[in-house]
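Small disclaimer: the values here were computed from a predicted structure and weren't measured.
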Protein chains: 2
Amino acid sequence: METKSIAALISDTRAGINRHLLQELKRLGIEGLAPSHGAILHHLFNNDQVTMKDLAKAVRRDKSTVTALVGKLVANGYVEKASSTQDQRTVFVKLSPKGQALKPVFQEVSRNLIERIWRGFEETEQQELIRLLRKVRGNLP
Amino acid sequence: METKSIAALISDTRAGINRHLLQELKRLGIEGLAPSHGAILHHLFNNDQVTMKDLAKAVRRDKSTVTALVGKLVANGYVEKASSTQDQRTVFVKLSPKGQALKPVFQEVSRNLIERIWRGFEETEQQELIRLLRKVRGNLP
DNA sequence: GGAATCTAGTTTGACGGCAAACTAAAGTCA
DNA sequence: TGACTTTAGTTTGCCGTCAAACTAGATTCC
């Protein structure tokens, strides 16, 4: 039965996306950053002041995971943390100049990924895949 | 644009499958086993004598990863390792009786997953999703 | 206004995963 | 036969990930 392999197929495809991104990061000389860091940076390109909590929600990772990911971005000088003055518990994360400089690079990475994923696809096929995947996603926890 | 979120959607869906499987394993009282172990067991249900190399290829994981996964299965008494007499390098992995006993349980887990994934899907939609995902997969490394 | 509760983030520990270095057993070939 | 190469598997080290425990700052409410 074909439909039994759906889980493995999704898992494989995701792994392929990851491999592609790792290749790209290596090609562009961006060392020590993983796709998950890219997700965080991407969110910061569009929102210049974000709390850890919102960041975790945006990249759909556990807050403790985000602590580690942001910690690495800070260590590499891509982002900065600053605790809020109104609420001492909340921490704001924002891009450093070095992080801002990555924006065009990541836009290219993103564009290349999209282009590669959709190679040979009709517009209607793209929409149909998105629709069906969303439907599967909705069936899951 | 909708199609830009395809990577996140695939990643999320895969995470959802993982969450579902973890729930199921917990529900069935199978402690200390992760979905990846399930993939190995699944392969052993259909092949009763497999080398580490073939196992790695079958579950699409690095051989060092498989060493660790099988190690855990051995530690929990689900599988046994035995080095070949013809070639001292190769190691055969096979199910123990305790591992064999998991077969019906995992068949149920698998059936439930498939049933949940495809809930509300037409037969043609299932085939179309598989086709489109395979196409994406083929575009990736 | 103080105790109880809630909330934001961090820390800790465990695990799946990979790549590179390593071990040891076959195989190759002069 | 003996050096070289290839192959199977393990070890080591690092990373992303999560859950649970923890810290500390707000909030609630009597």
Side-chain angles (χ1 to χ4, degrees), chain A residues 11-12 14-23 25-26 30-41 49-76 79-93 141, chain B residues 11-12 14-23 25-26 30-41 49-76 79-93 141:
Chain A
S11 181
D12 269 17
R14 180 245 179 203
I17 290 172
N18 235 53
R19 271 189 296 273
H20 167 84
L21 288 173
L22 288 172
Q23 274 181 11
L25 292 176
K26 192 168 191 177
I30 302 173
E31 293 293 334
L33 256 52
S36 290
H37 297 111
I40 287 181
L41 292 174
Q49 188 91 333
V50 186
T51 66
M52 295 293 279
K53 179 192 167 115
D54 291 345
L55 207 41
K57 178 179 262 185
V59 302
R60 292 192 181 82
R61 290 287 172 270
D62 190 85
K63 54 188 180 167
S64 61
T65 302
V66 174
T67 296
L69 292 172
V70 169
K72 186 162 191 177
L73 288 172
V74 170
N76 286 43
V79 309
E80 291 158 3
K81 290 168 78 170
S83 50
S84 163
T85 52
Q86 292 113 34
D87 187 335
Q88 293 293 106
R89 295 171 304 175
T90 73
V91 174
F92 286 115
V93 184
Chain B
S11 181
D12 270 16
R14 181 246 179 202
I17 290 172
N18 235 53
R19 272 190 296 273
H20 167 85
L21 288 173
L22 287 172
Q23 274 181 11
L25 293 175
K26 193 169 191 176
I30 302 174
E31 294 292 334
L33 255 51
S36 290
H37 297 112
I40 287 181
L41 291 174
Q49 187 91 335
V50 186
T51 66
M52 296 292 278
K53 179 192 167 116
D54 291 346
L55 206 43
K57 178 179 261 185
V59 301
R60 290 193 182 84
R61 290 286 171 270
D62 190 85
K63 54 188 181 169
S64 60
T65 301
V66 173
T67 296
L69 293 172
V70 169
K72 187 163 191 176
L73 289 172
V74 169
N76 286 42
V79 308
E80 292 159 3
K81 289 167 81 171
S83 49
S84 163
T85 51
Q86 292 113 34
D87 186 335
Q88 292 293 107
R89 295 170 304 174
T90 74
V91 174
F92 286 115
V93 183

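- Atom pair A:K53:NZ and D:dA26:C1' shows a separation of 13 Å (rounding to whole Å applied).
- In this structure, B:L22 atom CG and C:dG16 atom C1' are separated by 11 Å, rounded to whole Å.
- With sequence neighbours left out, A:S36 forms a side-chain hydrogen bond (donor to acceptor under 3.5 Å, both in side chains) with no residue at all.
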Going 5' to 3' through nucleotides 10-19 of chain D and flagging B where a protein heavy-atom sits under 4.0 Å of the base, S where only the sugar-phosphate is that close, and - otherwise, we get BB----SSBB
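- Residue order along DNA chain C, read from the 5' end via each residue's closest nucleotide, puts A:T51 first among A:T51 and B:T85.
- Residues satisfying the side-chain hydrogen bond (donor to acceptor under 3.5 Å, both in side chains) test with A:R19, not counting sequence neighbours, are none.
- Residues forming a side-chain hydrogen bond (donor to acceptor under 3.5 Å, both in side chains) with B:H37 (at least two apart in sequence, or on another chain): none.
- Scored by the salt bridge (charged side-chain N to carboxylate O under 4.0 Å, His left out) test, A:D62 finds no partners at all (sequence neighbours excluded).
- B:K81 contributes no side-chain N or O that, together with a main-chain N or O of B:M52, makes up a donor-acceptor pair within less than 3.5 Å.
- With sequence neighbours excluded, no residue forms a side chain to side chain contact (heavy atoms under 4.5 Å, CB included) with B:Q88.
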Just the atom pairs and distances: protein N or O near nucleotides 2-6 of chain C's N or O, under 3.5 Å.
none

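- Taking atom NZ of B:K26 as the reference point, atom P of C:dC15 lies 15 Å away to the nearest angstrom.
- Look at CG on A:D87: it is 8 Å from C1' on C:dT7, rounded to the nearest Å.
- Rounded to a whole Å, the CG atom of A:N18 is 13 Å from the C1' atom of C:dG16.
- A:R60 is linked by a salt bridge (charged side-chain N to carboxylate O under 4.0 Å, His left out) to B:D12, counting only residues two or more places apart in sequence or in another chain.
- The CD-C1' distance, from A:Q88 to D:dT23, rounds to 14 Å in whole Å.
- Applying the side-chain hydrogen bond (donor to acceptor under 3.5 Å, both in side chains) rule to B:D87 yields the partners B:R89; only residues at least two apart in sequence or on another chain are considered.
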